[in-house]
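This report refers to the structure that appears directly beneath it.
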Amino acid sequence: MSQVVENEHIAVTILNYGATVSHFVHKQKQIDVVLGFDDPEEYKQAGNPYFGALVGRTCNRIEKGQFTLDKTYQLPINNGQNSLHGGIVGFDKREWTVLFKETDRVGFCLISEDGDQGYPGKLETTVIYSLEGSSLLIEMSARLLEGTATIVNLTSHPYFNLTGEDTIQHHRFTMYSEKVMELDEHQIPTGKTVEDPFFLLKDQDITNQLQDPRLASLRGFDHFYIASDRVSSETVGSDRVLCEIVGSNGLGLRVKSDQFGFQFYTGNWIQGNLKGKAVYRPFSGFCIEPSAPPNAPKTHMDLVKIEDQTWTSKIVYELFVTN
């Protein structure tokens, strides 16, 4: 099943399966800015690279699928030697329950049992999608129903393409970050940060950078950016503007969040000639995934561990027009 929320500026379709954003239409430009499939059943195919999904219990990579609370827990290994995006059957592959549906808001809930994908504790997760002007707001929360502690690091995983062209070449990227996490050969942070202007994009067309030898091992960008504490006029409450991207057609995307940083991914590993709403290939779309950093249970446990408190996160995907 699918739920459509809309206002005079945008229309967004969210599937019960994976709480997935399948369509995100800017009405003035008449462009659907997210990659995906027209048939909801196609999201269940093995080749779906998390198009538009709500990812959990933890997004990104956990080294060797292990973390320690009261004891060491083992998660499924599904990405080299790591556990990625919550395991083999993460939240992106679950049917979510609709809590409520309004014209411009919809809420979903998912119960994850103790031991699900190796995680401890029975967890209740809620996500609310709502529209404000040309913005899609995603508000996530999670709390333990049973158990003493667990880890949570949810994010949203839409792939954006603002022009409707074959690739994201000729999009201009500005990252409000001064530090990128250095990665080892398994895409696990080393504990060091990189301050190379090559990565710290400031109103840059990344067409040439995608072919640069520095990105050869990853085939493109797949890096975690630490959010800058810089305050801008667009900041809403505690939300920080993480990045701004503008397509050659003048349609822009501004991403805000209260999270530690964000994963920037340029669709490097999309299978060639993947047939969806269009035929997709590497660099057909980009992802901005606000969250705690990769391998957070080893390095930033305070950001992901919950006991009797409720974990919360907010992401805003705001479209704007420059011409």
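Just so you know, residue 1 is the first one in the sequence shown, and it goes up from there. This one's a predicted model, so the numbers in the text were calculated from it and none came from an experiment.
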Open item on the list: Which residue is it: Thr125, Asp116, Asn16? I am looking for the one with a side chain to side chain donor-acceptor pair (under 3.5 Å) to Arg94.
Closed with: Asp116
TODO: Report the C-alpha distance between Glu165 and Ser248 in whole Å, list the side-chain angles of each, state the deciding distance to 0.1 Å, and finish with yes or no for side-chain contact (heavy atoms from CB on, under 4.5 Å).
DONE: CA-CA 10 Å; Glu165 297 177 357; Ser248 57; 3.9 Å; yes
Open item on the list: Strictly distance-based, threshold 3.5 Å: is any side-chain N or O of Asn7 a donor or acceptor partner for the main-chain N or O of Gly133?
Closed with: yes
TODO: Just grab all the side-chain hydrogen bond (donor to acceptor under 3.5 Å, both in side chains) pairs involving residues 260-278, residues at least two apart or on different chains.
DONE: Asp32-Lys277, Asn60-Gln263, Asp222-Gln263, Thr266-Asn268
Task: Short side-chain to backbone donor-acceptor contact, Asp92 and Tyr50, under 3.5 Å - done: no
Open item on the list: Rounded at 0.5 Å granularity, tell me how far NZ in Lys256 sits from CZ in Arg254.
Closed with: 6.0 Å
- [ ] Using atom types as modelled and distance alone, determine if a side-chain donor or acceptor of Tyr280 lies under 3.5 Å from a backbone N or O of Gly36.
- [x] yes
Task: Value rounded to 0.5 Å, distance of CG in Leu54 from NE2 in His85 - done: 11.5 Å
Open item on the list: Side chains of Met140 and Trp311, heavy atoms from C-beta outward: is any pair under 4.5 Å?
Closed with: yes
Open item on the list: Return the NZ to CD1 distance between Lys101 and Ile14, rounded to the nearest 0.5 Å.
Closed with: 8.5 Å
Task: Under 3.5 Å donor-acceptor, Gln309 side chain and Glu307 backbone - done: yes
TODO: Of all the heavy-atom pairs spanning Leu200 and Ser177, show the shortest one and how long it is.
DONE: CD2-O, 3.5 Å
TODO: Using the salt bridge (charged side-chain N to carboxylate O under 4.0 Å, His left out) rule, collect all pairs that involve residues 15-27, keeping only residues at least two apart or in two chains.
DONE: Glu6-Lys27
Task: 4.5 Å side-chain heavy-atom contact, Val12 and Val21 - done: yes
- [ ] Is it possible for you to say whether Val194 and Phe198 belong to one hydrophobic cluster, with membership spreading through side-chain heavy-atom contacts below 4.5 Å?
- [x] yes
Open item on the list: Looking at Phe91, I'd like to know if the NZ or CZ of Arg57 sits under 6.0 Å from its six-membered ring centre while staying within 45 degrees of the ring's axis.
Closed with: no
TODO: Nearest 0.5 Å please: distance from the CD atom of Gln209 over to the CZ atom of Arg214.
DONE: 7.5 Å
Task: Co-membership, hydrophobic cluster, residues Leu123 and Leu110, 4.5 Å side-chain - done: yes
- [ ] Grab the two heavy atoms, one from Ile315 and one from Ser257, that are nearest each other, plus how far apart they are.
- [x] CG1-OG, 4.1 Å
Task: Flag if over 12 foreign heavy atoms under 6.0 Å of CG, Asn208 - done: no
Open item on the list: Starting from Leu319, can I reach Ile138 by hopping between I/L/V/M/F/W/Y residues whose side chains sit under 4.5 Å apart?
Closed with: yes
Open item on the list: So does His9 get a backbone contact from the side chain of Ser134, meaning a donor-acceptor N/O pair under 3.5 Å?
Closed with: no
Open item on the list: With heavy-atom distances below 4.5 Å as the criterion, would you say the side chains of Phe262 and Ile226 are in contact?
Closed with: no
TODO: Determine the minimum heavy-atom distance between Asn153 and Ala292, stating which atoms define it.
DONE: OD1-N, 3.0 Å
TODO: Over all heavy atoms of both residues, which pair between Ser2 and Thr13 is shortest? Give the atoms and the distance, please.
DONE: CB-CG2, 3.8 Å
Open item on the list: Tell me if the aromatic rings of Phe24 and Tyr317 count as close, with their centers under 6.0 Å from one another.
Closed with: no
TODO: Determine, for Tyr17 and Lys44, whether the Lys NZ or Arg CZ falls below 6.0 Å from the six-membered ring centre while staying within 45 degrees of the axis.
DONE: yes
Task: Leu251 backbone acceptor or donor facing Asn249 side chain under 3.5 Å - done: yes
Open item on the list: Check for me whether the distance between the ring centres of Phe37 and Phe51 falls short of 6.0 Å.
Closed with: yes
TODO: Measure across Pro49 and His157 and return the closest heavy-atom pair with its distance rounded to 0.1 Å.
DONE: O-CE1, 3.9 Å
TODO: In sequence, state the C-alpha distance, the side-chain angles, and the governing distance for Lys314 and Glu139, and then conclude on salt bridge (Lys or Arg N to Asp or Glu O under 4.0 Å).
DONE: CA-CA 5 Å; Lys314 180 179 179 181; Glu139 296 171 285; 5.1 Å; no
TODO: Side-chain contact test, heavy atoms from C-beta onward, threshold under 4.5 Å: evaluate it for Lys305 versus Val152 and give yes or no.
DONE: no
Task: Among Phe264, Tyr159, Phe160, Phe221, the one residue meeting side chain to side chain contact (heavy atoms under 4.5 Å, CB included) with Cys287 - done: Tyr159
Open item on the list: Is there a continuous path of hydrophobic side-chain contacts, each under 4.5 Å between heavy atoms, that joins Val33 to Leu35?
Closed with: no
Task: Heavy-atom pair with the smallest gap, counting every atom of Met181 and Pro293 - done: CE-CB, 3.5 Å
Open item on the list: Tyr176 vs Leu242, test: side-chain contact (heavy atoms from CB on, under 4.5 Å). Steps then yes/no.
Closed with: CA-CA 5 Å; Tyr176 294 113; Leu242 303 182; 5.9 Å; no
TODO: Using only heavy-atom distances, determine whether the side chains of Glu182 and Thr190 contain a donor-acceptor pair under 3.5 Å.
DONE: yes
Task: Residue Lys179 excluded, over 12 heavy atoms near NZ under 6.0 Å - done: no
Open item on the list: For a quick check under 3.5 Å, do Asn79 and His186 share a side-chain donor-acceptor pair by atom type?
Closed with: no
Task: Note, Leu162 side chain near Ile31 side chain (heavy atom, < 4.5 Å) - done: no
Open item on the list: So Pro120 and Phe67, do their side chains get closer than 4.5 Å, heavy atoms only?
Closed with: yes
- [ ] Apply the test side-chain contact (heavy atoms from CB on, under 4.5 Å) to residues Ile128 and Phe100: give CA-CA distance (whole Å), side-chain angles for both, the deciding distance (0.1 Å), then the verdict.
- [x] CA-CA 9 Å; Ile128 298 173; Phe100 66 86; 3.9 Å; yes
- [ ] Applying side chain to side chain donor-acceptor pair (under 3.5 Å) between Asp205 and each of His170, Arg172, His171, report the one that passes.
- [x] His170
- [ ] Find out whether Thr150 and Ile306 are in side-chain contact, i.e. whether some heavy atom of one side chain is under 4.5 Å from a heavy atom of the other.
- [x] yes
Open item on the list: Hydrophobic clusters here meaning ILVMFWY residues chained together by side-chain heavy-atom distances under 4.5 Å, can you tell me if Val246 and Met175 are in one?
Closed with: no
Open item on the list: Within the structure provided, determine whether Thr193 and Phe224 are in side-chain contact (heavy-atom separation under 4.5 Å).
Closed with: no
- [ ] Output yes when a side-chain donor or acceptor of Ser83 lies under 3.5 Å from a complementary backbone atom of Pro76, and no otherwise.
- [x] yes
TODO: Please say whether more than 12 non-hydrogen atoms of neighbouring residues, nucleotides or ligands are located less than 6.0 Å from CD in Glu132.
DONE: no
Open item on the list: Pairing donors with acceptors under 3.5 angstrom, does anything connect the side chains of Asn295 and Arg61?
Closed with: no
Task: Qualifying residues under side chain to side chain donor-acceptor pair (under 3.5 Å), relative to His26, sequence neighbours excluded - done: none
Open item on the list: For Lys64, I'd like to know if atom NZ has over 12 heavy atoms of other residues, nucleotides or ligands within 6.0 Å.
Closed with: no
Open item on the list: To the closest 0.5 Å, what do you measure between CD (Glu318) and CG (Leu136)?
Closed with: 11.5 Å
Task: Reported CD-to-CG distance for the pair Glu146 and Asp114, which is rounded to 0.5 angstrom - done: 7.5 Å
Task: Audit row: Leu215, Phe199, side-chain contact (heavy atoms from CB on, under 4.5 Å) steps and yes/no - done: CA-CA 10 Å; Leu215 298 179; Phe199 294 98; 3.8 Å; yes
